[in-house]
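A short worksheet on the structure shown next.
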Amino acid sequence: VQLQASGGGLAQPGGSLRLSCAASGSSVRIAVLGWYRQAPGKQRELVATIAATGRTTYADSVKGRFAISRDYNKDTVSLQMNNLRRWDTAVYYCLVRLARDYWGQGTQVTVSS
């Protein structure tokens, strides 16, 4: 499985960004897809996941602001981030979870005025 993330960049507090990740591999459609993030000096943490059934989970810190979705035809997972806060600043990593975890290369999200 290979992943290629895109999106991210700089946003002002209260602004929006969208991340996308394209996954390749024969089992992606049955995998759990997700996003994690890692801020400087902190451990990598869960942002959101979406199962093959479409069931989603979110970190409490992003509930109501972020939305994860997946395209079963294109094997992509996206993260719409609204009402961004400074503490959302981090490197965001996409994930494909099968028997093991596969990670994308990370994309920087910076929230600053």
Side-chain angles (χ1 to χ4, degrees):
V1 176
Q2 293 184 327
L3 299 96
Q4 181 66 47
S6 60
L10 175 65
Q12 293 186 341
S16 298
L17 287 172
R18 184 176 181 86
L19 306 180
S20 292
C21 184
S24 62
S26 59
S27 300
V28 171
R29 294 186 182 184
I30 65 171
V32 172
L33 306 182
W35 292 92
Y36 279 64
R37 67 186 181 188
Q38 187 167 18
K42 295 188 176 181
Q43 291 187 334
R44 192 173 296 189
E45 63 176 8
L46 168 73
V47 177
T49 62
I50 182 166
T53 59
R55 181 175 181 177
T56 58
T57 61
Y58 293 93
D60 288 343
S61 60
V62 306
K63 282 180 181 178
R65 301 188 298 122
F66 291 11
I68 190 170
S69 61
R70 66 190 291 171
D71 185 320
Y72 293 89
N73 292 321
K74 298 180 179 179
D75 287 340
T76 59
V77 58
S78 298
L79 185 69
Q80 178 66 40
M81 304 183 293
N82 299 325
N83 195 16
L84 283 161
R85 305 301 187 186
R86 297 181 191 278
W87 58 82
D88 293 319
T89 295
V91 177
Y92 284 69
Y93 297 89
C94 58
L95 163 75
V96 171
R97 176 163 292 157
L98 292 164
R100 51 156 286 192
D101 289 347
Y102 298 86
W103 297 95
Q105 81 277 19
T107 184
Q108 178 70 45
V109 170
T110 302
V111 184
S112 175
S113 56

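Given the structure is predicted, the values throughout are model-derived calculations rather than measurements. Note: hydrogens, waters and symmetry copies are ignored here, and every other heavy atom, side chains too, is used.
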Q) Which is it for Asp101 and Val96 under the side chain to side chain contact (heavy atoms under 4.5 Å, CB included) test, yes or no, and what are the steps along the way? A) CA-CA 6 Å; Asp101 289 347; Val96 171; over 6 Å; no
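- Ionic pairing of Arg85 and Asp88 is not present here: no N-O contact between side-chain nitrogen and carboxylate oxygen is shorter than 4.0 angstrom.
- Ring geometry, Phe66 versus Tyr92: the interplanar angle falls from 30° to 60°, so the pair is classed tilted.
- Gln12 is linked by a side chain to side chain contact (heavy atoms under 4.5 Å, CB included) to nothing, counting only residues two or more places apart in sequence or in another chain.
- With Tyr93 as the aromatic partner, Arg37 does not meet the cation-pi criteria of under 6.0 angstrom to the ring centre and within 45 degrees of the ring axis.
- Here the shortest heavy-atom pairing between Gln108 and Val91 reads OE1-CG2, 3.3 Å.
- In this structure, the side chain of Arg18 does not engage the main chain of Gln80 through any donor-acceptor pair within 3.5 Å.
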Q: In sequence, state the C-alpha distance, the side-chain angles, and the governing distance for Leu19 and Ser78, and then conclude on side chain to side chain contact (heavy atoms under 4.5 Å, CB included).
A: CA-CA 5 Å; Leu19 306 180; Ser78 298; over 6 Å; no
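- Contact check for Gln105 versus Thr107: no side-chain heavy atoms found under the 4.5 Å cut-off.
- At distances below 3.5 Å, at least one donor-acceptor pair connects side-chain atoms of Tyr58 with backbone N or O atoms of Ile68.
- Residues Ser16 and Asn82 have side chains that bring a donor and an acceptor to within less than 3.5 angstrom of each other.
- Contact detail for Ala31 and Leu98: the closest heavy-atom pair is CB-CD2, 3.4 Å.
- Side-chain contact between Leu33 and Val28 is present, with at least one heavy-atom pair separated by less than 4.5 Å.
- Side-chain atoms of Thr57 and Thr49 form a donor-acceptor pair, as typed in the model, at a separation below 3.5 Å.
- Judged as a side chain to side chain contact (heavy atoms under 4.5 Å, CB included), and not counting sequence neighbours, the contacts of Ser24 are Gln2.
- In terms of heavy atoms, Gly25 sits closest to Asp75 at O-OD2, 4.3 Å.
- Residues Cys94 and Leu3 approach most closely at SG-CD2, 3.6 Å, considering heavy atoms.
- Counting only distance, with no hydrogens or angles, the side chain of Arg29 and the backbone of Tyr72 share a donor-acceptor pair below 3.5 Å.
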(Q) Run the side chain to side chain contact (heavy atoms under 4.5 Å, CB included) test on Arg44 and Trp103 for me, step by step, so that the C-alpha distance in whole Å, both residues' side-chain angles and the decisive distance to 0.1 Å come before the verdict. (A) CA-CA 12 Å; Arg44 192 173 296 189; Trp103 297 95; 3.3 Å; yes
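- Both Tyr102 and Leu79 belong to a common hydrophobic cluster when Ile, Leu, Val, Met, Phe, Trp and Tyr are linked at side-chain heavy-atom distances under 4.5 angstrom.
- Of all the heavy atoms in Tyr36 and Leu95, the pair that sits closest is CE1-CD2, 3.6 Å.
- Under the 4.5 Å side-chain criterion, counting only non-hydrogen atoms from C-beta, Ser20 is not in contact with Gln4.
- In this structure, Val77 and Ile50 have side chains that are in contact, with non-hydrogen atoms separated by less than 4.5 Å.
- In this structure, Val1 is a member of the same hydrophobic cluster as Ile30, with clusters built from ILVMFWY side-chain heavy atoms closer than 4.5 Å.
- Remark: side-chain polar atoms of Arg70 are paired, donor with acceptor, to backbone N or O of Ala51 under 3.5 angstrom.
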Q | Pair Thr89-Thr110, side-chain hydrogen bond (donor to acceptor under 3.5 Å, both in side chains): steps then yes or no | A | CA-CA 5 Å; Thr89 295; Thr110 302; 5.3 Å; no
